[in-house]
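Structure first, commentary second.
Just so we're on the same page: letters track the sequence lines, and every chain starts at 1. Small disclaimer: the values here were computed from a predicted structure and weren't measured.
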Number of protein chains: 2
Amino acid sequence: MVKKVIDNGKKGVRYNLVLNERAHLVLHSIIENYIQSSEPIGSRTLSKTIGITLSPATIRNIMSDLAELGYLIQNHTSAGRVPTDKAYRFYVNSLASPPSIPQQIKEKISQVSNEQGSQVEAILAEAVRMLAELTKFACVVSTPKAAVSRLQRIELIKISEDRILVILVTKAGVVRDKIIFTKDSQSQEFLNSVAEFLNDKFKNHSMQEIREEIHESMVDDRNRYHDLLAHAIRLGKKAFELNQPGEMLIDGQMNLLLDSHFHEQSSVRSLIDAFDQKSAIMKILDDSMKYKGVHIFIGIENDLKQLQGCSLITASYRNNQNVLGSIGVVGPTSMDYKRIISMVDYTAKILSKTITEQSYD
Amino acid sequence: MVKKVIDNGKKGVRYNLVLNERAHLVLHSIIENYIQSSEPIGSRTLSKTIGITLSPATIRNIMSDLAELGYLIQNHTSAGRVPTDKAYRFYVNSLASPPSIPQQIKEKISQVSNEQGSQVEAILAEAVRMLAELTKFACVVSTPKAAVSRLQRIELIKISEDRILVILVTKAGVVRDKIIFTKDSQSQEFLNSVAEFLNDKFKNHSMQEIREEIHESMVDDRNRYHDLLAHAIRLGKKAFELNQPGEMLIDGQMNLLLDSHFHEQSSVRSLIDAFDQKSAIMKILDDSMKYKGVHIFIGIENDLKQLQGCSLITASYRNNQNVLGSIGVVGPTSMDYKRIISMVDYTAKILSKTITEQSYD
DNA sequence: ATTAGCACTCATTGAGGGTTAGTGCTAATA
DNA sequence: TATTAGCACTAACCCTCAATGAGTGCTAAT
């Protein structure tokens with residue numbers, strides 16, 4: 001491991017692995033140039049576009065240092081330099097929190113579901129589509145986690161002798177339905193009573209809480225002898241368990257295929273598979289819900305192999321009470337971070353606002 | 001327009017524009033070769049692979065005739081021949097109704113939702129995904145038309161002072177929900193009565209019928225003075241109107257992009273747009289519901305410009321009572337028709353079987 | 001009616017050569 | 001001592017050109 005010493009500007013004082021201001025500027029400039037052109041940046045080109053006057057030779061020296069420090073690589077001896085993932089990390093860290101965003105884009109994003117009475121899923125679908133259209137990359141959004149969302153109402157509908165359709169409406173405005181089976185057939189009237197009972201008892205509780213409370217009720221022996229209660233517990237257990245794993249909406253996958261960065265590589269196939277499986281990307285979105293504001297995963301930082309040529313930019317959205325989910329953009333590591341970050345950030349904000357307004361409170 | 005006369009085999013008798021048996025064989029062979037190799041077929045190659053002994057020169061003569069009749073084209077003078085859309089039409093017409101299908105594939109398709117209690121949408125999603133995986137093309141399926149499906153149950157849920165969540169469960173097993181607005185706030189109890197009234201009156205009626213009956217009730221002045229009835233009619237009108245336009249599920253679009261046939265052309269972008277808009281493809285699926293069994297749209301036969309490089313193979317699925325929707329494959333005109341037709345046909349059959357079993361009757 | 005033979009066409013491939021954008025190193029310079 | 005000019009060197013890119021090969025259409029022989 002080579003440890004290169006670079007002058008930090010102050011005469012006589014030297015630090016290991018610290019770049020001076022000029023080196024920062026050069027690196028910054030290389031990255032922005034590369035993001036624009038997608039072509040290796042040479043010393044000559046750079047000396048023209050960079051603000052200060054600096055000869056190609058000097059730039060070459062600096063570039064050589066940056067390369068040794070792992071910020072740049074050369075594809076072959078006589079080619080320009082290309083930023084590494086480390087360089088992009090440096091770059092995004094140096095960006096001020098969400099860069100400004102053109103008014104025009106703002107207005108476009110704001111159009112996401114100003115229509116009254118849209119369901120949450122529809123709003124999310126529209127948002128992810130809009131974001132894909134604006135960014136020209138693939139976009140994903142996770143639907144509100146069932147576990148944290150609060151019950152608005154439950155309905156039990158008898159659809160055949162042994163099947164009951166359960167409909168759960170959450171405060172966040174999501175409707176979920178599933179079918180459960182019973183051995184002993186119940187009348188619709190009885191089911192209505194059971195549903196009413198569950199509504200009374202669990203309205204405004206989170207799914208997580210409900211599951212726990214039901215579990216507690218089950219261990220309490222006394223409840224067994226109360227017919228309605230016993231059925232309510234038994235059906236409730238089935239109704240609230242295993243609320244299907246968090247869903248994810250995807251849009252604009254096509255954009256990636258048409259993007260020259262991916263077109264060249266043969267790794268397209270595996271990238272698509274990653275999207276098909278969903279679970280891995282879902283995990284990243286879940287992760288990102290922990291962070292406040294925009295969060296960025298760059299290339300190699302992704303656990304998932306197939307995503308290592310990509311960067312993910314995510315932001316969580318929420319209603320009054322909870323963080324509900326996360327929206328994100330998947331693109332090449334050399335994407336225009338400033339632009340995309342501001343879009344993701346703003347979209348998440350609009351999403352939060354819209355969903356809060358539509359909440360059933 | 002040249003009218004070529006070809007010997008039909010019987011000495012001395014000649015018909016206009018009728019191919020003799022040998023010409024049929026040659027055309028058939030060219031098409032099957034081309035489907036396999038995707039490369040222009042030359043006379044030499046063909047004379048080797050075709051069953052009967054026929055010199056390249058003879059084949060050249062026949063090919064020349066076929067070209068004049070519009071079954072083959074040459075990209076340039078010294079290239080082999082390529083089948084036209086007309087040739088594919090000839091080919092599929094000559095195929096016996098659904099070709100046989102390997103047991104292995106059969107079993108795979110049969111796995112589509114043997115899981116109990118799946119919702120129709122989930123079954124369709126699984127079927128379309130399976131078909132995309134097997135065919136390696138893009139696949140689409142239209143969800144059951146709301147208009148023809150019969151009401152199993154309606155629920156009205158008050159979610160805020162001015163919003164009511166309507167849930168419609170159809171016999172076909174589809175759950176639809178939407179939000180309607182009211183000016184005058186009603187209690188949940190009252191909504192329950194209204195729902196009960198609507199259930200009594202309209203259960204087993206098709207959406208189409210219900211809309212008509214409601215319309216009739218509205219013009220009957222006497223109903224205005226009955227409070228429950230008046231509300232039921234008013235809410236019912238909103239609840240049953242404009243059941244969102246038929247949905248369509250898509251899977252495997254990526255397969256098209258990775259397919260060499262499309263990769264070459266620059267028309268990929270417009271094809272994607274066609275999928276994004278959905279409406280045009282939806283229309284074709286709707287069309288195809290009229291036909292019994294498999295139906296095939298080849299290249300130029302498609303009204304939609306963007307689809308003219310493609311063939312669509314569709315088959316409708318149904319339950320006991322109605323044709324519900326249509327499932328289809330979109331691929332290049334040079335697809336392996338035998339293989340795809342059998343798969344689409346079998347998938348539609350399995351789909352019909354599964355959905356009939358899951359129907360709420 | 002069929003086929004062998006021949007001249008011709010055109011896409012594809014690979015080699016050679018010039019051009020260009022880039023590098024690293026060294027010596028001169030401010 | 002930091003910066004820069006100069007120079008030799010590299011490798012991708014592009015152009016041209018010739019050889020190759022799969023294919024054709026036409027004509028004459030079978």
Side-chain angles (χ1 to χ4, degrees), chain A residues 2 4-14 19-23 25-26 29-30 33-34 36-68 71-83 260 264, chain B residues 2 4-14 19-23 25-26 29-30 33-34 37-50 52-68 71-83 260 264:
Chain A
V2 180
K4 180 74 187 188
V5 179
I6 294 192
D7 191 327
N8 74 340
K10 294 177 188 166
K11 298 268 169 209
V13 186
R14 280 157 169 267
L19 299 176
N20 67 15
E21 213 174 302
R22 205 178 53 182
L25 178 63
V26 169
S29 188
I30 290 174
N33 265 284
Y34 186 71
Q36 284 296 320
S37 68
S38 293
E39 268 165 27
I41 309 300
S43 54
R44 186 94 57 92
T45 328
L46 195 61
S47 90
K48 282 179 221 145
T49 60
I50 202 170
I52 57 177
T53 41
L54 222 47
S55 78
T58 311
I59 290 178
R60 275 206 288 284
N61 288 332
I62 299 170
M63 281 170 125
S64 169
D65 294 340
L66 288 168
E68 246 179 291
Y71 288 105
L72 301 175
I73 48 162
Q74 268 180 301
N75 287 323
H76 54 82
T77 340
S78 74
R81 304 299 215 293
V82 169
S260 55
E264 291 160 13
Chain B
V2 181
K4 178 76 186 187
V5 179
I6 294 192
D7 191 325
N8 73 340
K10 293 178 189 167
K11 296 271 173 211
V13 186
R14 280 157 170 265
L19 299 175
N20 66 15
E21 213 173 303
R22 205 178 53 181
L25 179 63
V26 169
S29 187
I30 290 174
N33 265 281
Y34 186 71
S37 69
S38 293
E39 267 164 29
I41 309 301
S43 54
R44 186 93 57 92
T45 329
L46 197 61
S47 91
K48 281 180 222 146
T49 60
I50 203 170
I52 57 177
T53 41
L54 222 46
S55 80
T58 312
I59 289 178
R60 275 205 289 282
N61 289 331
I62 299 170
M63 280 170 127
S64 169
D65 295 339
L66 288 168
E68 247 180 291
Y71 289 104
L72 301 175
I73 49 163
Q74 268 180 302
N75 286 323
H76 58 260
T77 340
S78 74
R81 302 299 213 296
V82 170
S260 54
E264 291 161 15

**OP:** Would you mind reading off the distance between B:Leu66 atom CG and D:dG25 atom P, rounded to a whole angstrom?
**Re:** 12 Å
Original post:
Rounded to the nearest Å, what distance is computed from the CG atom of residue B:Asn61 to the P atom of nucleotide D:dG23?
Top reply: 17 Å
**OP:** Rounded to the nearest 0.5 Å, what's the gap from CZ on B:Arg44 to CZ on B:Arg60? Could you check?
**Re:** 8.0 Å
Original post:
Starting at the 5' end of DNA chain C and moving along, which residue's nearest nucleotide shows up first, B:Thr53 or A:Thr45?
Top reply: B:Thr53
Original post:
Between A:Arg44 (CZ) and D:dC7 (P), how many Å, whole number?
Top reply: 14 Å
**OP:** Mind listing the closest non-hydrogen atom pair of B:Arg22 and B:Ile52 along with its distance?
**Re:** CG-CD1, 4.0 Å
At a cut-off of 3.5 Å, list every protein nitrogen or oxygen paired with a nitrogen or oxygen from nucleotides 9-12 of chain C, distance to 0.1 Å.
| residue | atom | partner | partner atom | Å |
| --- | --- | --- | --- | --- |
| C:dT9 | O2 | B:Ser78 | OG | 2.8 |
| C:dC10 | OP1 | B:Thr77 | OG1 | 3.3 |
| C:dC10 | O4' | B:Ser78 | OG | 2.9 |

**OP:** Search all heavy atoms of B:Ser47 against all heavy atoms of B:Ile50 and return the closest pair with its distance.
**Re:** O-CG2, 4.0 Å
Original post:
Think B:Thr58 has a side-chain N or O under 4.0 angstrom from the OP1 or OP2 of C:dT3?
Top reply: yes
Original post:
With both distances under 3.5 angstrom, what nucleotide forms a Watson-Crick or G-U wobble pair with C:dT23?
Top reply: D:dA8
Original post:
In whole Å, what is the span from the CG atom of A:Leu54 to the C1' atom of D:dT3?
Top reply: 9 Å
**OP:** Searching all strands shown, indicate the nucleotide that pairs with D:dA29 (Watson-Crick or G-U wobble; both distances under 3.5 Å).
**Re:** C:dT2
Original post:
To the nearest Å, how far apart are A:Arg22 CZ and D:dT4 C1'?
Top reply: 12 Å
Original post:
Considering all heavy atoms of both residues, which atom of B:Pro40 and which atom of B:Tyr34 are nearest to each other, and what is their separation?
Top reply: N-CE1, 4.0 Å
Original post:
Whole-Å distance between D:dT10 C1' and A:Arg81 CZ?
Top reply: 14 Å
Subject >> Closest heavy-atom pair and its distance - B:Leu46, B:Ile30 >> reply: CD2-CG1, 3.5 Å
**OP:** Output yes when a side-chain donor or acceptor of A:Ser37 lies under 3.5 Å from a complementary backbone atom of A:Asn33, and no otherwise.
**Re:** yes
Original post:
To the nearest Å, how far apart are A:Met63 CE and C:dT23 P?
Top reply: 5 Å
Under 3.5 Å donor-acceptor pairs involving side-chain atoms of residues 74-82 of chain A, not counting sequence neighbours:
| residue | atom | partner | partner atom | Å |
| --- | --- | --- | --- | --- |
| A:Gln74 | NE2 | A:Thr77 | O | 3.0 |
| A:Gln74 | NE2 | A:Ala79 | O | 3.3 |

Original post:
Rounded to whole angstroms, how far apart are CZ on B:Arg60 and P on C:dG5?
Top reply: 12 Å
